[in-house]
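Before we start, here is the structure in question, set down as structure tokens.
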Amino acid sequence: MTGAAGTILDSTRDLARRVSGSDEAPPQYGQLVEGYAHLALEPGSAVLIVSSNSVEFLFHWIAVLANGYVPCAIAPSSRTSLITALQGSLQIAAIAGPHVDPAKYRARGAGRIGAFTAAVWPPVPPVYDPFDVLILTTGTSGSQTACVHTVESLVCNASMTNRALGITASDRQLVVLPMYHTYGLVTQSIGSIISGGELVIDGPPFNAARFVERVRQEGISICGITPTIARDLLNRTTALPHLRSMSIGGDQLTADEVTRALAQPLAEELWVTYGLTEAGPRVSVLPAHSAPVDTYDSVGRAFDGVATRIDSPDAEGIGQLLVKTPSVCCRKVGNGITRQPFTADGFLETGDLFSKDADGYLRYRARKADLVIVKGEKLNTRSIDVVAELHPDVEFARTTESHTHSLVTSVWAKDDKTLDLDDIKTFMKSRLRLHEVPEQIIQQRADVFHK
Amino acid sequence: MTIAAIEDTLRDVLIEDLFVELDKDQILPGSSLRCDVGLDSLGFVELREQIAQRFGIVISDDDFTPENFATLSSLSSLIAQRCEASAR
């Protein structure tokens with residue numbers, strides 16, 4: 001066991017005191033560890049945890065690790081079809097969650113662990129190591145890929161974030177972002193665990209008024225949010241309670257929005273961050289409250305110990321951002337992964353186009369073609385195409401983002417027949433999460449097909 | 001509209017529009033929409049929009065709270081109040 005894993009496991013001694021949420025009863029950590037041990041999985045077996053934000057979720061995640069298994073958190077709204085596909089693609093051994101129905105998964109065994117039900121699939125040879133952690137990439141339904149991290153890489157990243165943002169044991173952090181994503185899980189939850197601070201876990205629906213109330217009532221000193229939530233808060237007319245520190249990441253914030261956030265102010269210290277799951281996730285940070293105004297359009301500079309490089313920059317200095325970080329994932333896994341996103345000299349290929357000025361400030365220019373942000377959620381349009389192409393009448397599908405930032409899927413029929421677009425939409429809705437369903441589906445004829 | 005009728009309509013919304021993978025009789029008045037039904041943040045936003053369409057009422061930001069959207073029962077009570085207010 002590494003020192004980082006020991007830190008996480010040891011934290012359970014006083015974690016119940018430091019973490020609070022809306023759970024009816026605090027989970028008994030020892031019983032959870034015992035419950036997972038009874039599953040008798042091979043060390044390195046992956047366990048899907050299907051749960052919304054809760055203290056219970058966090059304790060299950062740690063209890064899975066404590067047994068030498070590999071946790072993989074996933075959104076509670078995930079369809080059975082996605083979970084079944086993930087099981088094959090990522091060699092998952094078991095699934096646990098508050099409402100897991102073993103019959104749906106043809107489980108070979110099942111049992112209660114705390115407030116969760118666990119179901120065990122037929123044995124698969126473990127392809128991971130104890131204290132590995134699986135983190136789904138975009139979490140998009142058609143994509144069954146994940147990053148293999150280690151507890152050490154995630155603790156390393158959370159620690160870099162804590163250091164850069166000055167987060168200490170005296171802080172009380174509010175988690176409103178999903179804990180099945182890296183921001184909520186690593187930056188906030190693991191960050192609070194290792195800092196010795198307190199963690200208040202909240203869940204959906206997000207409501208600006210409630211957020212303000214929670215910050216005030218709970219005496220919150222730090223929180224992390226997305227630009228979507230930040231815009232919601234900026235549109236409020238009433239004053240926000242005092243927050244020592246707020247970090248914003250997950251999507252781009254404009255220079256104007258940073259200026260407004262500082263003027264309101266959203267917090268005493270405002271940190272604009274950039275990261276990606278593969279990197280663990282955080283890479284760079286802009287301390288907007290103390291940074292020069294002409295850097296408000298940037299995501300700041302890389303953390304200490306993280307190297308960045310612009311690959312093959314064009315005449316304007318724009319090229320793919322490459323990152324070398326001690327918190328990088330070991331590898332990517334899942335069906336469709338044909339190559340690992342690393343250069344020969346160990347830099348991670350982010351797929352994002354950036355420029356970097358002489359002072360090291362990184363400016364985001366464009367996203368990899370297949371990734372779009374819809375309703376504040378990052379998703380891969382190719383994975384939506386994959387789902388559309390599962391429909392028996394669809395030959396090809398191509399999903400794009402419209403000028404109104406909604407999804408439009410063009411579909412080409414097998415044999416060029418006329419498609420029942422309502423039927424295709426129903427088919428897609430049953431397999432995708434709500435924000436992934438295209439607003440519009442358009443049939444294209446063979447003569448307008450562009451592969 | 002009775003509370004029972006509102007609850008039944010909400011079950012339809014959850015299953016037909018939000019594709020919740022539960023049978024109608026598994027969604028009880030006391031079922032937690034977050035923990036038992038499995039709605040995430042976007043699911044709650046979609047549910048709010050569907051309620052507006054099905055019941056012809058607007059759920060304001062002030063009403064869009066975890067307390068009102070906690071269970072089928074609490075949400076039905078909110079809808080009943082808003083329907084009554086809009087009928088006046």
Heavy-atom closest contact (D12(B) atom, R54(B) atom, distance): CB-NH1, 4.1 Å
F211(A) versus chain B, the contacting section by heavy-atom distance below 4.5 Å: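 Looking at F211(A), nothing touches chain B.
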Close side-chain approach of L48(A) and V100(A), heavy atoms under 4.5 Å: no
Option that, when pairs with chain B are counted at under 4.5 Å, heavy atom only, ranks first among P98(A), S430(A), S51(A), A209(A): S430(A)
OG1 on T228(A) to CG on D232(A), rounded to 0.5 Å: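 D232(A) atom CG to T228(A) atom OG1 measures 9.0 Å (nearest 0.5 Å).
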Positions in residues 24-37 of chain B that reach chain A, provided some heavy atom is under 4.5 Å away: R34(B), C35(B), D36(B)
Smallest separation among heavy atoms of N53(A) and G203(A), with atom names: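 Closest heavy-atom pair between N53(A) and G203(A): CB-CA, 4.4 Å.
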R112(A) atom CZ: more than 12 heavy-atom contacts under 6.0 Å: yes
Residue F69(B) versus chain A: region with a heavy atom under 4.5 Å: side chain
Under 3.5 Å: donor-acceptor pair, side chain of Q31(A), backbone of I113(A): no
Option in P205(A), G97(A), S77(A), A115(A) with maximal non-hydrogen atom pairs under 4.5 Å from chain B: P205(A)
From CA spacing to verdict: salt bridge (charged side-chain N to carboxylate O under 4.0 Å, His left out), K425(A), D422(A): CA-CA 5 Å; K425(A) 190 159 190 172; D422(A) 287 339; over 6 Å; no
Axial cation check for F44(B) ring with R48(B), 6.0 Å and 45° limits: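 Output no; distance or angle outside limits.
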